[in-house]
Novice: 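Attaching a single structure in structure tokens format; questions to follow.
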Amino acid sequence: MKLIFLGAPGSGKGTYATRVAPHLNVPQISTGDLLRENLKNNTEIGKKAKSFMEAGKLVPDELVMELLKQRIKKDDTKNGFILDGFPRTIPQAEQLEKITKIDAVVNLIVPEKIIINRLTSRRVCEKCGAIFNVLSLRPKEDGICDKCGGNLIQRKDDTIEVIRDRLNVYKNQTEPLIEYYKKKGLIIDIINDDPNAKPEEVLPRILERLKKVKTK
Ligand code: AMP
């Protein structure tokens, strides 16, 4: 199955994409993670992407397309994939269409107030990328990843100023994709407006909806 997870920053794309992926036996592919890896390794793409990412702006389409094309060629995508954070613009969606078919788009709907709370309290593992939250999804031991023992850090772009810019970018450049995919009949809306809902409670709702998806 080939899926896209769409939603504002902090709507839970990464949290749910990583949990749904093993159920479908497909990889979760996050362009944000791919870019951060390039930043860490100081690659040419990383150097070009750095200033955009730190300002909460979108990285130019051609850089992201290049990374995505390379990634979806890998063997582990033979059963499909979940794209997390891609596409983020209509031109990206149009280019994606030229290289592969998409079976459904999961649209995570979360009120802005919850998003801001969630992003400012988000922590990620610097080693494996697992996502935690100091308010709602605490690790067993403070500052330590449950999965691999790595250090939990706050992303540079999870500060209130950058969060506001990222939400504006989402509204202006990414939100039009909801209409784009609605017209194609691909959207599955998942409303998640309970700030206390645990991922384990929301996950079955997503899986249930995905059972009805017909793969192309
Ligand atoms: P994320 O981890 O998905 O929140 O992405 C972090 C940052 O990476 C974003 O704020 C953008 O600067 C960049 N980024 C990730 N995915 C894309 C994309 N599809 N198009 C452009 N920029 C992206």
Side-chain angles (χ1 to χ4, degrees), residues 2-21 27-72 81-100 102 105-108 110 112 115-116 118-133 152-178 180-181:
K2 293 177 175 172
L3 298 176
I4 292 171
F5 273 40
L6 196 64
S11 59
K13 295 188 297 291
T15 299
Y16 294 109
T18 49
R19 284 167 172 76
V20 170
Q28 166 247 7
I29 299 178
S30 151
T31 42
D33 285 347
L34 292 174
L35 285 162
R36 278 184 289 277
E37 208 175 294
N38 275 269
L39 235 68
K40 208 159 96 186
N41 298 331
N42 211 18
T43 65
E44 280 312 306
I45 290 188
K47 283 183 208 159
K48 287 181 188 153
K50 191 170 191 272
S51 60
F52 295 98
M53 292 178 73
E54 287 180 352
K57 301 274 183 294
L58 291 186
V59 171
D61 287 347
E62 61 273 16
L63 293 182
V64 182
M65 281 316 300
E66 185 53 39
L67 281 180
L68 185 90
K69 276 186 195 161
Q70 285 171 16
R71 179 62 187 87
I72 63 175
F81 46 69
I82 298 180
L83 300 183
D84 157 8
F86 181 95
R88 259 178 156 102
T89 64
I90 301 266
Q92 286 181 12
E94 288 169 347
Q95 290 193 55
L96 178 67
E97 230 164 64
K98 290 187 190 144
I99 45 178
T100 187
I102 293 297
V105 178
V106 173
N107 178 34
L108 298 165
V110 180
E112 190 165 304
I115 282 183
I116 293 177
R118 211 186 261 168
L119 286 178
T120 47
S121 52
R122 172 161 76 177
R123 299 292 181 271
V124 293
C125 173
E126 63 178 355
K127 219 161 123 195
C128 76
I131 303 164
F132 296 86
N133 190 295
L152 300 184
I153 55 164
Q154 182 163 34
R155 273 172 48 171
K156 266 196 180 148
D157 57 355
D158 276 349
T159 58
I160 190 71
E161 300 78 18
V162 185
I163 290 169
R164 292 212 186 280
D165 284 341
R166 287 164 66 205
L167 288 173
N168 278 333
V169 166
Y170 172 76
K171 276 197 193 116
N172 296 330
Q173 292 178 264
T174 308
E175 213 168 50
L177 286 173
I178 299 175
Y180 178 90
Y181 285 120

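One-based numbering, in listed order, for ligands and for the atoms of each.
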Novice: With rounding to the nearest 0.5 Å, note down the distance linking CD in Glu66 to CG in Leu63.
Specialist: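 Reported to 0.5 Å precision, the distance equals 8.5 Å.
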Novice: Judged by atom type as modelled, is there a donor-acceptor pair below 3.5 Å linking the side chain of Asn38 to the main-chain atoms of Leu34?
Specialist: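 Judged by distance alone, yes, a pair lies under 3.5 Å.
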Novice: Are Asp158 and Arg166 ion-paired here, with the side-chain N under 4.0 Å from a carboxylate O?
Specialist: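 Here Asp158 pairs with Arg166 in a salt bridge, since their nearest N and O are under 4.0 Å apart.
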Novice: Tell me which residues fall inside the under-4.0 Å heavy-atom shell around ligand 1.
Specialist: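 The answer is Thr31, Gly32, Leu35, Arg36, Met53, Lys57, Leu58, Val59, Val64, Gly85, Phe86, Arg88, Gln92, Arg155, Asp157, Arg166, counting any residue whose heavy atom sits under 4.0 Å from ligand 1.
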Novice: Show the nearest heavy-atom pair for residues Ala17 and Asp84, with the distance to one decimal.
Specialist: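 Closest heavy-atom pair between Ala17 and Asp84: CB-CB, 4.0 Å.
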Novice: Given side-chain contact (heavy atoms from CB on, under 4.5 Å), test Val162 with Arg155 step by step and report yes or no.
Specialist: CA-CA 11 Å; Val162 185; Arg155 273 172 48 171; over 6 Å; no
Novice: Return the CG to OG1 distance between Leu167 and Thr174, rounded to the nearest 0.5 Å.
Specialist: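 The CG atom of Leu167 sits 10.5 Å away from the OG1 atom of Thr174.
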